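Structure, as structure tokens:
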There are 2 protein chains.
Amino acid sequence: MANVARLQEADIEKIYLCPLFKGIETSTLAAIIKKPYTKVTECEDDTVVYKAGQKLSQMVLVLSGELGLVNTNFRRESSIVEVFDSGELFGSEYVLATDNHLTYDVCALEDSKILSIDYGKLLADADFVKIAGVISNNLLQFHVAHARALQAHIYHLAQPTTREKLLAYLTDESKKAGSNTFHIRYDRQELADYLAVERSAMCAELSRMQKDNLLTYRKNDFTLKKK
Amino acid sequence: MANVARLQEADIEKIYLCPLFKGIETSTLAAIIKKPYTKVTECEDDTVVYKAGQKLSQMVLVLSGELGLVNTNFRRESSIVEVFDSGELFGSEYVLATDNHLTYDVCALEDSKILSIDYGKLLADADFVKIAGVISNNLLQFHVAHARALQAHIYHLAQPTTREKLLAYLTDESKKAGSNTFHIRYDRQELADYLAVERSAMCAELSRMQKDNLLTYRKNDFTLKKK
DNA sequence: AGACAGATGTTGGTTTTCCAACAAGAAGAG
DNA sequence: CTCTTCTTGTTGGAAAACCAACATCTGTCT
């Protein structure tokens, strides 16, 4: 399924930018990458990288391509739980937990390249005693920020109608930007996926909302109108 | 809004059980509770405990009653983002973040009693240097477990139909229990809230699923039928 | 400029959910 | 036991979302 691969310039960049390694010297990072418990792997499109049920002891940084958590229900129907794009970190919620068994398959959704690091071995490595605290703290920061994003996502998804989903999401984005006028990072299809609605129905709802004088928009720039 | 109050027997129990304090001696806990940066407060039903926009430097344990995060959108309509029941911990995702401004109001949804601890002052307290690492690690554990619960919740909510929401949730519960037969902790109204659907419509869908021979249930005990 | 691809917007018929009201069943108190 | 209350289940009309198909817009390439 997977072959050991070499790092490209762009891959190194991704590693430096990963929040897990914030505040860590590039020379130290370079040393970590060379350790035997750190591996670079290429994963072919549509293959299982880690199987549901197995213990996960590695943290995984997606260098290129796309991984996904894939659930299979009791009728053997599969669906995607979460997508990890290039640059995103996955696995720390398993590695650190008392129960580190994967609940879903981890699959390559495209031809992908990943960096995997055995967290236990990294922490135990005498060469990196000094940075263990930094990494552990980075992880806490990461999860805290992530928790707030997930919490907000749940709130947006829990709205009963498409209009309310959009308003909940856009209100939060407006608050983040500190202005009634703001830019969103999703295109229409991505926004529809995020809110778990049909793209075309969502477009239609946006039109109606504009007609109802709730907001104006052009591409990814929105303005909410005050009452 | 809030009066300083005394701790009851039941409150102390809640504090001992809080995952934040796992592995910490009861004598140490008793000392923490007496510190001036630790406060017990009674909050009247339907009052704002912490206002959106303010910085939150306390972690809050709900001793009795119920707190809620309340969002107000740009049209000044309010709705509940998340509920914190008795025994649940709130605030660490703000306290630890680089930006610790509250994005929502924190309100008492019932007459409630809370324990609030200033995390920065606790960590800085010379009396508790030895347990700082334990608490920090407990927090990481807590957030990691929470992240998986939130992730699963998002997956359940993102299903397009009531039937699929139910199947996603029930399949996960079945996997957790390690059996096709299992017990769920929600009653029908709570399950409907969790999945963001109408209770009555959900009941009807459960009936249809039973008729379609997908599962059987009686009260909170479910059995999924294999294909 | 013209051709093309990809993103965004529009529409109408079908399916699903909501909603409100009521029925049936279970649990507890007097 | 009956009465009460709470939870769960059922139903039909109204509202919303889905879906597929098509129209329009925008940016890019040659």
Side-chain angles (χ1 to χ4, degrees), chain A residues 66 77 79-80 83 85 110 153-170 173 181-224, chain B residues 66 77 79-80 83 85 109-110 154-170 173 181-224:
Chain A
E66 206 174 57
E77 298 151 348
S79 59
I80 295 173
V83 173
D85 280 319
E110 304 173 358
H153 194 176
I154 288 173
Y155 174 62
H156 302 150
L157 284 172
Q159 302 303 312
T161 65
T162 301
R163 177 172 292 209
E164 283 166 288
K165 286 180 177 182
L166 284 165
L167 283 179
Y169 170 73
L170 294 172
E173 288 301 304
T181 298
F182 52 94
H183 184 88
I184 67 171
R185 65 202 176 98
Y186 296 131
D187 65 25
R188 294 292 184 276
Q189 184 60 61
E190 288 168 336
L191 182 55
D193 290 344
Y194 175 85
L195 297 176
V197 295
E198 262 310 296
R199 181 201 56 77
S200 64
M202 187 190 74
C203 283
E205 189 59 47
L206 279 172
S207 292
R208 263 173 262 139
M209 289 164 77
Q210 187 156 24
K211 202 180 295 171
D212 292 350
N213 209 35
L214 285 171
L215 49 76
T216 56
Y217 60 92
R218 217 187 87 88
K219 298 219 64 175
N220 291 17
D221 296 309
F222 288 76
T223 301
L224 293 179
Chain B
E66 206 174 60
E77 299 152 349
S79 59
I80 295 173
V83 173
D85 281 318
L109 304 179
E110 303 172 0
I154 289 173
Y155 174 63
H156 303 149
L157 283 172
Q159 301 303 313
T161 65
T162 301
R163 177 172 293 211
E164 282 167 288
K165 285 179 179 184
L166 283 165
L167 283 179
Y169 169 73
L170 293 172
E173 288 302 304
T181 298
F182 53 93
H183 184 86
I184 67 171
R185 63 201 176 99
Y186 296 132
D187 65 23
R188 294 291 185 276
Q189 183 60 60
E190 289 169 335
L191 182 55
D193 289 346
Y194 175 85
L195 297 176
V197 295
E198 263 310 298
R199 181 201 56 79
S200 64
M202 186 190 75
C203 282
E205 188 60 45
L206 278 172
S207 291
R208 263 173 261 138
M209 287 164 77
Q210 188 156 26
K211 203 180 296 173
D212 291 351
N213 209 33
L214 284 171
L215 49 76
T216 56
Y217 60 92
R218 217 186 87 88
K219 299 218 61 172
N220 290 16
D221 296 307
F222 287 77
T223 301
L224 293 179

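Each chain gets a letter, A, B and so on, in the order its sequence line appears, and its residues count up from 1. Just so it is clear, the structure is predicted and the values come from calculations on it, not from any experiment.
- For B:Thr161, counting side-chain heavy atoms from C-beta on, the closest listed nucleotide (D:dC19, D:dT11, C:dT16) is C:dT16.
- Taking the side chain as every heavy atom from C-beta outward, B:Leu167 and B:Met209 approach each other to under 4.5 Å.
- Position along DNA chain C of the nearest nucleotide to A:Pro160 versus A:Arg188 favours A:Arg188 as the more 5'-ward residue.
- Atom CD in A:Glu198 sits roughly 12 Å away from atom P in D:dA17 (whole-Å rounding).
- In terms of position along DNA chain C, the nucleotide closest to A:Lys219 lies nearer the 5' end than the nucleotide closest to the other residue of the pair A:Lys219 and A:Arg208.
- Counting only heavy atoms from C-beta outward, the side chains of B:Arg188 and B:Asn220 approach each other to under 4.5 Å.
- Applying the side chain to side chain contact (heavy atoms under 4.5 Å, CB included) test between B:Phe222 and each of B:Thr216, B:Leu170, B:Thr181 identifies B:Leu170 as the sole match.
- The nucleotide whose nearest atom lies closest to any side-chain atom of A:Glu205 is, among D:dA17, D:dC18, C:dC18, D:dA17.
- One interatomic measurement links the two molecules: CZ of B:Arg163 to P of C:dT15, which rounds to 15 Å at whole-angstrom precision.
- For A:Arg199, the listed nucleotide lying nearest its side chain is C:dG9; candidates were C:dG9, C:dC18, D:dA17.
- In this structure, A:Tyr217 reaches the C:dG9 phosphate: one of its side-chain N or O atoms is under 4.0 Å from OP1 or OP2.
- Here the side chain of B:Ser207 is nearest to one of D:dT8, D:dG9, C:dT11, namely D:dG9.
- Nearest approach of B:Tyr169 to B:Leu195, heavy atoms of both residues: CB-CD2, 4.2 Å.
- Between C:dC18, D:dT10, C:dG9, one nucleotide has an atom nearer to the side chain of B:Val197 than all others, and that is C:dC18.
- Among the nucleotides C:dT8, D:dA21, C:dC18, the one closest to any side-chain atom of A:Ser200 is D:dA21.
- Here B:Thr162 lies in heavy-atom contact (under 4.0 Å) with sugar-phosphate atoms only.
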